[in-house]
Enquirer: 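First, the structure itself, so that you have it in front of you.
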Amino acid sequence: MMADTRRATITWADEVEEDIAEFLVPKRVPRGALTLLAGMPDKGKTLWLCEIAACITRGDFGDEPARVLITSTEDSIATTLRPRLRAAGADLTKVGFVSMQVKDEDAGLIRFPDDVEEFRRIIEEGDFRLAIIDPILGHINSNLIASFKDEQLRDGLMTPLAQIAAENDCAVIGCMHFNKRSEGEALLRVSGSLGGIVGPARSVLFMHESPDNDAQRILTHEKCNLGPKGAALLFEIDRVPLEIKGRTVPTAHLRFVDESSYTGADLLSGKADTPAAVAAAVEFFQTELADSPRPSKELRAAAREIGISNYAWDAAKARLGIVARKTDFGGGWTLDLPMRITVRSQEPGAGSTGSSIAGDSGSSSSSDEEPEEPDPGYSAGT
């Protein structure tokens with residue numbers, strides 16, 4: 001009997017029903033697709049994953065509460081993952097940890113490509129909306145997949161995971177480490193093959209330690225094929241007291257603070273200015289704009305003369321909420337403090353400042369574009 005022959009088929013574009021990409025975690029983790037979360041060790045990646053898992057089990061992002069699957073080669077379930085999930089407020093009845101068994105005996109963790117079909121079955125039968133693989137390269141059979149070979153990573157790991165995610169409306173997040181590269185594009189810092197790992201992922205997130213405070217973490221969005229990238233987010237590590245076996249154990253928990261003006265490229269390259277430099281730029285704006293608005297070009301020139309970098313300028317503008325206003329159609333821009341804008345707009349007979357503010361509210365852009373729609377507010381991941 002002849003083996004089945006592979007045949008090519010054609011789908012015509014006019015026959016395809018268009019659809020809209022949806023996100024499990026707003027702007028950052030697409031539904032039914034692959035996301036990578038990368039960073040150096042001990043910088044809060046697993047903490048953030050536990051926070052997101054907790055949000056999914058509670059239905060914080062607008063969906064019904066749903067199940068989360070976790071497989072981890074690095075963290076103990078009993079001493080690390082379960083306590084962190086509890087500190088994050090997760091519904092523990094909706095979080096499952098997967099491992100392999102042979103004849104009712106423990107056979108270790110899921111391995112790819114060996115256990116692809118078992119992983120597919122678990123996701124489908126368990127109706128999981130999120131699957132976390134931490135770290136993703138720790139779950140490959142290194143005899144069959146080399147982490148530096150595009151084709152092996154795509155065929156044995158990323159393509160099967162993408163198919164499982166899409167078939168089951170399950171977002172898959174793979175945790176990654178940074179490599180030792182110190183120059184080049186930010187995405188080159190992800191360990192493993194760029195084409196085999198980063199290419200197939202639809203969204204890529206980086207977790208960094210804040211240069212301002214070693215108890216803070218910054219999540220930056222480096223790639224998104226399904227929509228605009230989200231703003232960088234600032235978190236702070238809190239300690240939640242948990243009662244475990246009669247003892248009070250302080251357990252780490254990430255608390256969302258605000259959006260951050262840092263970029264992944266700055267944080268990776270070390271070009272992000274020190275807190276003192278940003279503070280000096282803040283003082284510069286407060287002094288120069290104390291009495292009245294000032295032309296943007298004039299202020300920029302003055303700032304450069306005293307050594308204020310472009311980064312410190314942008315960070316200070318964002319921190320103060322500096323407002324840019326167009327003087328007229330043929331003129332330039334002026335900068336002003338937001339408090340004076342607010343007071344002036346509330347005076348009797350004062351006109352609306354909406355159109356003049358639209359060009360620049362906290363950024364160095366000099367366009368008339370509308371400001372980007374803000375992220376929806378939520379505790380773990382906006």
Enquirer: Would you say T248 and E243 make side-chain contact, with heavy atoms under 4.5 Å?
Expert: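 With C-beta onward as the side chain, the pair touches.
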Enquirer: When the ring planes of F178 and F206 are compared, do they come out parallel, tilted or perpendicular, using 30° and 60° as the limits?
Expert: perpendicular
Enquirer: Does any non-hydrogen side-chain atom of C175 lie less than 4.5 Å from one of L49?
Expert: yes
Enquirer: When you measure from the side chain of N168 to the backbone N and O of R120, does any donor-acceptor pair fall under 3.5 Å?
Expert: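 It does not hold such a pair.
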Enquirer: State whether a side-chain donor-acceptor pair under 3.5 Å links S210 with N213.
Expert: no
Enquirer: Determine whether a donor-acceptor pair (N or O, by modelled atom type, separation under 3.5 Å) exists between the side chain of R217 and the backbone of I237.
Expert: no
Enquirer: Measuring from T251:OG1 to D238:CG, what's the distance to the nearest 0.5 Å?
Expert: 12.0 Å
Enquirer: State plainly whether one hydrophobic cluster holds both V95 and L242, where clusters connect Ile, Leu, Val, Met, Phe, Trp and Tyr through side-chain heavy atoms under 4.5 angstrom apart.
Expert: no
Enquirer: Which distance, rounded to the nearest 0.5 Å, do you find between the CG of L153 and the CD1 of I197?
Expert: 4.5 Å
Enquirer: Given side chain to side chain contact (heavy atoms under 4.5 Å, CB included), test I173 with L205 step by step and report yes or no.
Expert: CA-CA 10 Å; I173 302 179; L205 305 164; over 6 Å; no
Enquirer: Sequence neighbours excluded, which residues qualify as ring pair (Phe, Tyr, Trp, His ring centres under 6.0 Å) partners of F119?
Expert: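 Testing F119 for ring pair (Phe, Tyr, Trp, His ring centres under 6.0 Å), a comparison that skips the adjacent residues, returns F112.
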Enquirer: Crowded around R154 CZ? As in, over 12 foreign heavy atoms under 6.0 Å?
Expert: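 Yes - once you tally the heavy atoms of other residues, nucleotides and ligands closer than 6.0 Å, there are more than 12.
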Enquirer: Keeping R325 on the side-chain end and D336 on the backbone end, is there a donor-acceptor pair under 3.5 Å?
Expert: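 Checked: no pair found.
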Enquirer: Could you go through the side chain to side chain contact (heavy atoms under 4.5 Å, CB included) check for E124 and E167 one step at a time?
Expert: CA-CA 9 Å; E124 180 179 351; E167 291 167 1; over 6 Å; no
Enquirer: Answer whether the closest heavy-atom distance between the side chains of L144 and Q152 falls below 4.5 Å.
Expert: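 Not in contact.
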Enquirer: Could you give me the CA-CA distance, side-chain angles and deciding distance for I164 and V116, then say whether side chain to side chain contact (heavy atoms under 4.5 Å, CB included) is met?
Expert: CA-CA 9 Å; I164 293 169; V116 163; 4.2 Å; yes
Enquirer: So do V25 and C55 actually touch side chain to side chain, heavy atoms under 4.5 Å?
Expert: no
Enquirer: CE of M40: more than 12 outside heavy atoms within 6.0 angstrom?
Expert: no
Enquirer: Roughly how far apart are I218 CD1 and S260 OG, rounded to 0.5 Å?
Expert: 4.0 Å
Enquirer: For G138, is there any backbone N or O sitting under 3.5 Å from a side-chain donor or acceptor partner on R111?
Expert: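 Judged by distance alone, yes, a pair lies under 3.5 Å.
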Enquirer: Mind checking the CG-CD spacing from L254 to Q216? Nearest 0.5 Å is all I need.
Expert: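 It comes to 11.0 Å.
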Enquirer: When you measure from the side chain of R58 to the backbone N and O of G89, does any donor-acceptor pair fall under 3.5 Å?
Expert: yes
Enquirer: Between the main-chain N or O of A201 and the side-chain N or O of K223, is there a donor-acceptor pair closer than 3.5 Å?
Expert: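 Side chain of K223 to backbone of A201: a pair is present.
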Enquirer: With the side chain counted from C-beta on, respond yes when L157 and I136 share a heavy-atom pair under 4.5 Å apart, and no when they do not.
Expert: yes
Enquirer: Name the residue from E236, R239, E51 that meets the side-chain hydrogen bond (donor to acceptor under 3.5 Å, both in side chains) definition with H253.
Expert: E51
Enquirer: Any pair with a residue in residues 77-96 that passes side-chain hydrogen bond (donor to acceptor under 3.5 Å, both in side chains), sequence neighbours left out, goes on the list, sorted by first then second residue, please.
Expert: S76-T79, D91-T93
Enquirer: Decide yes or no for V190 and N179: does some side-chain heavy atom of the first lie under 4.5 Å from some side-chain heavy atom of the second?
Expert: no
Enquirer: Taking atom types as modelled and ignoring hydrogens, do the side chains of S203 and H221 form a donor-acceptor contact shorter than 3.5 angstrom?
Expert: yes
Enquirer: Quick check on side-chain contact (heavy atoms from CB on, under 4.5 Å): which of T71, L81, I70, T46 does D134 satisfy it with?
Expert: T46
Enquirer: Tell me every residue that passes side-chain hydrogen bond (donor to acceptor under 3.5 Å, both in side chains) with E222, counting only those two or more places apart in sequence or in another chain.
Expert: T220
Enquirer: Could you check whether atom CD of E151 has more than 12 heavy atoms from other residues, nucleotides or ligands sitting under 6.0 Å from it?
Expert: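 No - once you tally the heavy atoms of other residues, nucleotides and ligands closer than 6.0 Å, there are 12 at most.
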Enquirer: I need the S261 OG to L234 CG distance, nearest 0.5 Å.
Expert: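 If I round to the nearest 0.5 Å, the distance is 9.5 Å.
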Enquirer: Can you find a heavy atom in the side chain of L289 that is under 4.5 Å from one in the side chain of L320?
Expert: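 They are not in contact (no side-chain heavy atoms under 4.5 Å apart), so the answer is no.
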Enquirer: Is the count of non-hydrogen atoms from other residues, nucleotides or ligands lying under 6.0 Å from E298 atom CD greater than 12?
Expert: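 Correct, the count exceeds 12.
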Enquirer: I need the I56 CD1 to D63 CG distance, nearest 0.5 Å.
Expert: 7.0 Å
Enquirer: Would you sort out whether L69 and L130 count as a side chain to side chain contact (heavy atoms under 4.5 Å, CB included), showing the intermediate values?
Expert: CA-CA 6 Å; L69 184 70; L130 173 64; over 6 Å; no
Enquirer: Within the 4.5 Å heavy-atom criterion, are K45 and H177 side-chain neighbours or not?
Expert: yes
Enquirer: Thinking salt bridges, do R121 and E118 make one under a 4.0 Å N-O criterion?
Expert: yes
